[in-house]
Amino acid sequence: MSREAKDVILASIRRGLKRFEKGRGESPAPPPTWNAGSLKHSYDEDSLTREFVEEVIKVKGHAEVTDSGEEILSFALGLFEEYGTNSCAMADGDFLESLSLAEHLESKGIGVVRPGSGDSVVADAGIGITEADYAISDSGTLVLLTNENNPRSFSLLPPVHLAIVKRSAIVHNIYDVMEELNSSVVKYEHPDQFPSCITFITGPSRTADIELNLTLGVHGPKALYVLVYGDKG
Amino acid sequence: MPSHTFQIDFKRSSKVAVADKKLKRALVSATDRFRAQRSLAVEGTQEWEEIKTRAREIKEHVIDNLDFYLEKLEESITKAGGVVHWARDGEEAANIITAIAAERGVKSVVKSKSMATEEIELNNAFERNGIKVVETDLGEYIIQLAGERPSHILAPAIHKTRDDISKLFSRKLGVPYYEEPEELTGIARDKLREEFLNADMGVSGVNFAVPETGTIVVVENEGNACLCTTLPRVHVALMGMEKVVPRFEDLSIFLNLLIKSATGQKLSTYVSFITGPKNILDNDGPEEFHLVILDNGRSKILADEVTRQSLYCLRCGACLNVCPVYRQVGGHAYGGVYSGPIGAIIMPQLMDLKGVYELPYASSLCGACKEVCPVNIDFPKVLLKLRSDFVKGREKGRRPGLSERMAIKLWRYAMEHRRLYEFISRIAYFAQMPFVERKGRRNGHGRIGSLPFPFSNWTRDRDFPAVAKKTFRNRWRELENENGDSEDKL
Ligand code: SF4
């Protein structure tokens, strides 16, 4: 059934294009992709960081720059207090690991849900904590690659999302980030290395479906906090 | 043939819409808002014209090689562990999707916003098969509860006021009458959160698909599409077969064009690149991924060299927001799933329905749509081609009436015979007198608003300019005699 439909569709496409040869032709050469070279400036980490923080705030997120693990811990503790919760879902990023954030939080009596827990457990956590793989300064965007340490739902189900970004992970615009992704993930040999999901997150979840009123947190988190970590230049 | 429930009667429904003051206010403020946001975003994008041109070239290339790219897409998705299905029409697509559900014992389905699923009326198919389906985009959820159809690509419930929604929620969900958007949104969040956690299958649309990697891209603001494609154990995506961009790296210009044209955001809140089902080691994500590739008339569109460009559309909605007709009547008047200028050109090509051939006339040919379209679709050209196909009677049984054809023949004969033409003009000038309305006309020229049969066929939808007292030739001659040299004066 399905095979037949496929053949009928492909045949009618070829007929429509007045190309009557059957079977797969040579791989066609698409026009070159747009070259973002004209937009390249020599941004340094400081100006990228500054722009990123500004843009996150513009899209109704919160962002701060920090250069110490203690600051991250105390910022996180402040959030638990503010939102009156004592549970979180935390990804297994290298950097989060190096801060021993989970241990610190647990020692303060905060429950930490780790990757591998069921969706409803994650949904009950008060804060989702993740580590972004890239960030885009021009639009205030976080880019998260899914893998066993970084489940998709951690940035999605809890009502508050706290993301940590390394300064060196910030690029200027979408062209730059696509170039990075194109040179890293696309080249994976084995399909299972290619992330099943790459998520771009720009601000907290939103809708304007009721009389165009902007309302945050309709399905995803209603609050987004971003901490940019790295040595201040 | 699928049994559509679409009913297209533009003349009647647009009259109803125009009389609805509340609707008009909502439409104007929504479209004004989207327009203003788009303009700001476009002004801030120095490369806008360049990427538009490039996107158009890439789209032309894709459609010219669509057979190759679709096969390549299937190959890549299969390699990533997904399954690709092909559907010749809407009914076949709906059958494939409901069969996937039935074979896996799926009881409830969550859906994110997708025009293609509206096009195939997927919700009806699920319900016929006893499977519960819930729209999860807030706007779509509202109209599903109300039993209506979306009225705008981006803001499906734009025709509903806060009061409408408050009443609807308290009636259908058994909650008290809440009025604040935050409260209403909170209610929907709680109700839908339950649905997400219990659903066995998630259905999404596709904004772009990349044959190079087998990746599909879903663009949204609420996070509901992320949830639909993450939590249930099966994810089915439905894609109109034109949605292909060749390479992964092409996504940057297409996302840029789509999102800025749609809402003026630099990026939408969520953009997901999904490649197959979850990887073996992943701790969440669906176990199965299916892509359904939908033809449903698209290969017919592709066969016409003029109208082929309708397939380049990104569904950004920018053409709706600038359209003087859409801004007056809204989406429902178009009767089908796609509305505004893009609806006027694709509906008659996709669906052979009574009344659908009138949609290309629902345009003043002002070209505002062409101006804003991020892939430069030449609307006036396509609209005129569709009108001429219609008039030529290619669409059988839908030729213009005999009296109109006779009138045009006589007109042509008279135009070719000057004396006869002048004679008729004189007679017409006197014959029209009882019908001419001069009131409220700025230039004092009369208009004819209604004529007796058979001419009433013409004046039912439009005014006819009254025949002037003197013909142009006569005036010209007089002017020449008066001034000796007419050129400076005209
Ligand atoms: S036709 Fe052009 S402007 Fe209209 S929705 Fe499609 S891409 Fe947007």
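A quick note: this is a predicted structure, and the numbers were derived from the prediction, not measured. All values below were derived from every heavy atom in this structure, side-chain atoms included, with hydrogens, water molecules and symmetry-related copies excluded. Residue numbering restarts at 1 for every chain, and letters A, B, ... go by the order of the sequence lines.
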Asker: For a 4.5 angstrom cut-off between non-hydrogen side-chain atoms, does A:Pro195 reach B:Phe273?
Answerer: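 The answer is no, as the side chains (C-beta and beyond) never meet within the 4.5 Å cut-off.
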
Asker: For each of B:His152, B:Arg189, B:Lys266, B:Met241, tally heavy-atom pairs with chain A at distances under 4.5 Å, and name the one with the top tally.
Answerer: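 Greatest number of close heavy-atom pairs with chain A: B:Arg189.
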
Asker: Within a strict 4.5 Å, meaning less than it, do heavy atoms of the A:Phe200 and B:Ser268 side chains meet?
Answerer: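 Not touching, per the 4.5 Å side-chain cut-off.
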
Asker: Between A:Ala208, A:Ser12, A:Pro30, which has the largest tally of heavy atom pairs under 4.5 Å with chain B?
Answerer: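 Most heavy-atom pairs under 4.5 Å with chain B: A:Pro30.
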
Asker: With a 4.5 Å cut-off on side-chain heavy atoms, are B:Glu47 and A:Tyr175 touching?
Answerer: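 SC-SC contact between A:Tyr175 and B:Glu47 confirmed.
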
Asker: Does B:Arg193 reach the main-chain N or O of A:Leu157 with its side chain, forming a donor-acceptor pair under 3.5 Å?
Answerer: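 Confirmed, B:Arg193 side chain pairs with A:Leu157 backbone.
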
Asker: Can you tell me if B:Asp295 uses its side chain to pair, donor with acceptor, with the backbone of A:Ile9 under 3.5 Å?
Answerer: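 No, because the side chain of B:Asp295 does not come within donor-acceptor range (under 3.5 Å) of the backbone of A:Ile9.
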
Asker: Please identify, among A:Asn150, A:Ile174, A:Leu216, A:Ile210, the residue contributing the most non-hydrogen atom pairs under 4.5 Å to chain B.
Answerer: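 Heavy-atom pair counts peak at A:Ile210.
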
Asker: Contact part of B:Glu305 toward chain A, heavy-atom cut-off under 4.5 Å: side chain, backbone, both or neither?
Answerer: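 Contact with chain A involves the side chain of B:Glu305 alone.
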
Asker: Only one of B:Asp282, B:Thr275, B:Asn279 clears side chain to side chain donor-acceptor pair (under 3.5 Å) with A:Ser196; which?
Answerer: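 Per the side chain to side chain donor-acceptor pair (under 3.5 Å) rule, the option paired with A:Ser196 is B:Asp282, out of B:Asp282, B:Thr275, B:Asn279.
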
Asker: Which pair of heavy atoms, one from B:Asn283 and one from A:Pro151, lies closest together, and at what distance?
Answerer: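 Scanning both residues, the minimum pair turns out to be CB-CG, 4.4 Å.
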
Asker: Side chains of B:Asp250 and A:Thr33 only: does a donor on one sit below 3.5 Å from an acceptor on the other?
Answerer: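 Side chains of B:Asp250 and A:Thr33: pair found under 3.5 Å.
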
Asker: Quick one: what part of B:Ala55 sits under 4.5 Å from any heavy atom of chain A, side chain, backbone, both or neither?
Answerer: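 Contact with chain A is absent: no heavy atom of B:Ala55 under 4.5 Å.
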
Asker: Please identify each residue that fulfils ring-ring contact (aromatic ring centres under 6.0 Å, His included) with A:Tyr83, with sequence neighbours left out.
Answerer: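 A:Tyr83 satisfies ring-ring contact (aromatic ring centres under 6.0 Å, His included) with no other residue.
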
Asker: Students often mix this up, so state it plainly: with edges at 30° and 60°, are the rings of A:Phe194 and B:Phe248 parallel, tilted or perpendicular?
Answerer: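 Geometry flag for B:Phe248 against A:Phe194: perpendicular rings.
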
Asker: Could you go through the side-chain contact (heavy atoms from CB on, under 4.5 Å) check for A:Met178 and B:Leu255 one step at a time?
Answerer: CA-CA 11 Å; A:Met178 287 303 293; B:Leu255 285 169; 5.5 Å; no

Asker: How far apart are the closest heavy atoms of A:Pro32 and B:Arg247, and which atoms are they?
Answerer: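 Scanning both residues completely, I find the closest heavy atoms to be C-NH2, 3.7 Å.
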
Asker: Return the option, out of A:Asn213, A:Thr199, A:Thr207, with the maximum number of heavy-atom pairs under 4.5 Å with chain B.
Answerer: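 It is A:Thr207.
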
Asker: Quick check on B:Phe289 against chain A: is it the side chain, the backbone, both or neither that has a heavy atom closer than 4.5 Å?
Answerer: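 No part of it gets close to chain A.
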
Asker: Could you tell me whether a side-chain N or O of B:Asp67 sits under 3.5 Å from a main-chain N or O of A:Arg14, the two making a donor and an acceptor?
Answerer: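 Flag not set: sc B:Asp67 to bb A:Arg14 has no pair under 3.5 Å.
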
Asker: Considering only heavy atoms and a distance below 4.5 Å, find which of A:Ala29, A:Ala11, A:Ala123 pairs most often with chain B.
Answerer: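 So the answer, after comparing A:Ala29, A:Ala11, A:Ala123, is A:Ala29.
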
Asker: Which answer fits B:Leu197, side chain, backbone, both or neither, if we ask what part of it has an atom under 4.5 Å from a heavy atom of chain A?
Answerer: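 Only the side chain of B:Leu197 comes within 4.5 Å of chain A.
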
Asker: Is there a donor-acceptor pair under 3.5 Å between the side chain of B:Arg308 and the backbone N or O of A:Leu17?
Answerer: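 Flag not set: sc B:Arg308 to bb A:Leu17 has no pair under 3.5 Å.
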
Asker: Side chain, backbone, both or neither: which part of A:Glu179 has a non-hydrogen atom closer than 4.5 Å to chain B?
Answerer: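 Neither part.
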
Asker: Identify which part of A:Asp119 has an atom lying under 4.5 Å from any heavy atom of chain B, answering side chain, backbone, both or neither.
Answerer: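 For A:Asp119, heavy atoms of backbone and side chain both lie under 4.5 Å from chain B.
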
Asker: Checking B:Leu267 against chain A: side chain, backbone, both or neither under 4.5 Å from a heavy atom?
Answerer: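 The answer is both parts of B:Leu267.
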
Asker: If you count heavy-atom pairs under 4.5 Å between each of A:Asn173, A:Leu224, A:Ile201 and chain B, which one has the most?
Answerer: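 So the answer, after comparing A:Asn173, A:Leu224, A:Ile201, is A:Ile201.
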
Asker: Looking at A:Lys222, A:Arg206, A:Glu55, which one has more heavy-atom pairs under 4.5 Å with chain B than the rest?
Answerer: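 Maximum pair count with chain B is reached by A:Arg206.
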
Asker: Output the residues of residues 215-222 of chain B for which the shortest heavy-atom distance to chain A is under 4.5 Å, in residue-number order; output 'none' if no such residue exists.
Answerer: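 Residues B:Thr215, B:Asn221, B:Glu222 are the ones that qualify, each having a heavy atom under 4.5 Å from chain A.
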
